[in-house]
**Student:** 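Just dropping this structure here.
Since the structure is predicted, the reported quantities are computational estimates derived from the model, not experimental observations. One-based numbering, in listed order, for ligands and for the atoms of each.
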Amino acid sequence: MRYISTRGKSPEVTFKEVLLSGLAPDGGLYLPTSWPQFSVDQLKGILGDDHSYKDLATEIIWPFVESSMEKHDLGRLVERAYDSFSADNIVPLKHIHSKLWIAELFHGPTLAFKDIALQLVGELFEFQLQNDSEKITIVGATSGDTGSAAIEACRDREAMEIFILHPYGRTSEVQRRQMTSVRSANVFNIAIEGTFDDCQDLVKAMFADVKFSNRINMSAVNSINWARVMAQIVYYWWASMQVTDSGPVNFCVPSGNFGNIFAGHSAHKMGLPVDKFIVASNTNDVLDRFFRSGEMELRDVKPTFSPSMDIQISSNFERLLFEVYGRNGSLVEKAFRELRTDLSLSVGEENLLEIQGKWLSRKVNDQETLETISKIADEFDYLIDPHTAVGLKTAESYMSELDAPIISLATAHPSKFPNAVEHASGITPSLPQQLSDLFEREESYEILPNDEQVVKAYILEHSRR
Ligand SMILES: *Cc1c(COP(=O)(O)O)cnc(C)c1O
């Protein structure tokens with residue numbers, strides 16, 4: 001298995017290069033040259049009817065990584081990655097009513113679906129680096145969820161150090177504590193006196209300084225890394241196989257950077273029968289507007305109750321565009337050049353009709369988000385977080401026009417966003433047992449000005465190499 005760039009101007013590479021580099025040299029995102037094929041019957045034949053999530057993950061991921069490791073190595077990494085999950089079967093399915101199901105993706109150490117990808121990516125990084133006796137420094141910016149999931153994935157690992165920049169005073173207390181209370185010699189939290197965009201600009205500037213980034217062997221774990229999408233493909237197969245033996249299902253996904261739902265699309269390309277993909281947006285509705293009009297038009301980001309979806313540019317959307325354009329990298333490059341200069345891109349009528357055959361969308365505002373949390377709590381005695389609510393509201397609005405079951409993805413545990421959940425339902429969601437003492441734990445972080453030189457000096461001083 002080799003990988004190509006969505007911009008078509010980089011050489012084909014192996015999984016190891018994809019994992020460690022993230023972005024392709026031509027600025028594109030990596031995708032496999034072809035999609036490995038599976039069927040539900042074939043997987044059941046190999047694994048038996050009551051297989052575990054881990055066994056399924058090893059089977060599905062194997063063709064993507066076979067150039068870089070043995071299958072038993074992968075099995076061991078998968079085993080370790082998901083040992084930290086509090087649900088035995090990793091992703092439990094919950095039946096809500098009639099055709100509507102929820103896949104709970106939030107049983108990892110930081111209570112958001114990002115753990116499912118990052119726990120495995122941490123293992124893959126360590127495996128690859130130890131094999132080559134290399135060391136890397138991961139530097140990332142976060143507005144909340146990604147930072148804690150990345151820290152949990154990298155903590156206590158020999159081959160890496162991780163520096164996470166978050167905007168000082170601008171993350172929720174749960175999110176901050178999940179990052180700053182981790183006691184590990186290779187984890188460094190930096191609170192920047194600025195916004196999330198300032199943090200992201202600092203990371204970009206440090207990457208662009210080749211002398212600095214080479215000196216610390218700088219790397220990233222952001223959501224454009226193919227390995228993250230790859231790990232997420234598994235639960236689309238898993239969820240579908242839990243809900244039905246044969247027929248197709250629909251998936252509804254609260255979306256921001258488009259990485260999660262693109263993993264679903266990848267599962268479909270690999271042979272999983274899916275009728276429709278339903279994209280759920282909050283009021284930052286760039287994706288909903290695209291799936292309705294065929295035009296992607298950038299606007300300012302407004303804060304909502306579902307902050308992990310407060311996004312203007314959905315980076316993984318580039319992967320879908322590459323498929324829509326028949327894997328023509330020059331067309332993708334041209335489209336993104338337009339998006340940069342004109343703040344909009346358009347795919348044209350014919351492409352739009354084809355896209356709409358598979359993709360539906362809807363946007364959900366803050367008011368509807370709170371109403372959905374409250375209604376689901378009242379009617380089904382089940383607490384959901386605001387992101388999950390955006391998804392469920394969207395799924396319910398398509399119930400009458402779709403025949404097959406709808407699986408709506410629950411992307412965070414309600415206790416990760418206690419204020420919105422309490423405001424909506426009157427119930428304070430309690431933290432799961434492994435985090436119940438989060439508010440008593442000691443925190444450690446460094447407050448630094450929004451100044452590239454100061455941040456670089458801090459990283460050099462604290463880095464072990
Ligand atoms: C990151 C995140 C999302 C958005 O997922 P994408 O892959 O960026 O589309 C949705 N919900 C939660 C809770 C998240 O942390």
**Student:** When you look at Asn419 and Phe305, which way does the side-chain contact (heavy atoms from CB on, under 4.5 Å) test go after all the steps?
**Tutor:** CA-CA 9 Å; Asn419 297 345; Phe305 288 137; over 6 Å; no
**Student:** Can you see whether Asn316 engages Arg319 through a side-chain donor-acceptor pair at a distance of less than 3.5 angstrom?
**Tutor:** yes
**Student:** How far does CG of Leu77 sit from CD of Gln128, to the nearest 0.5 angstrom?
**Tutor:** 9.0 Å
**Student:** Which protein N or O atoms sit under 3.5 Å from any N or O of ligand 1? Give atom names and distances.
**Tutor:**
| from | atom 1 | to | atom 2 | distance (Å) |
| --- | --- | --- | --- | --- |
| ligand 1 | 7 (O) | Gly259 | N | 3.3 |
| ligand 1 | 7 (O) | Asn260 | N | 2.9 |
| ligand 1 | 8 (O) | Asn257 | N | 2.7 |
| ligand 1 | 9 (O) | Gly256 | N | 2.8 |
| ligand 1 | 9 (O) | Asn257 | N | 3.3 |
| ligand 1 | 9 (O) | Phe258 | N | 2.9 |
| ligand 1 | 11 (N) | Thr411 | OG1 | 2.9 |
| ligand 1 | 15 (O) | Lys114 | NZ | 2.5 |
| ligand 1 | 15 (O) | Asp145 | OD2 | 2.8 |

**Student:** Specify whether Tyr82 and Tyr53 have parallel, tilted or perpendicular ring planes, treating 30° as the upper limit for parallel and 60° as the lower limit for perpendicular.
**Tutor:** perpendicular
**Student:** Could you tell me whether the side chains of Asn260 and Tyr236 share a donor-acceptor contact shorter than 3.5 Å?
**Tutor:** yes
**Student:** In terms of side-chain geometry, is the basic nitrogen of Glu126 or Arg80 positioned less than 4.0 Å from the acidic oxygen of its partner?
**Tutor:** no
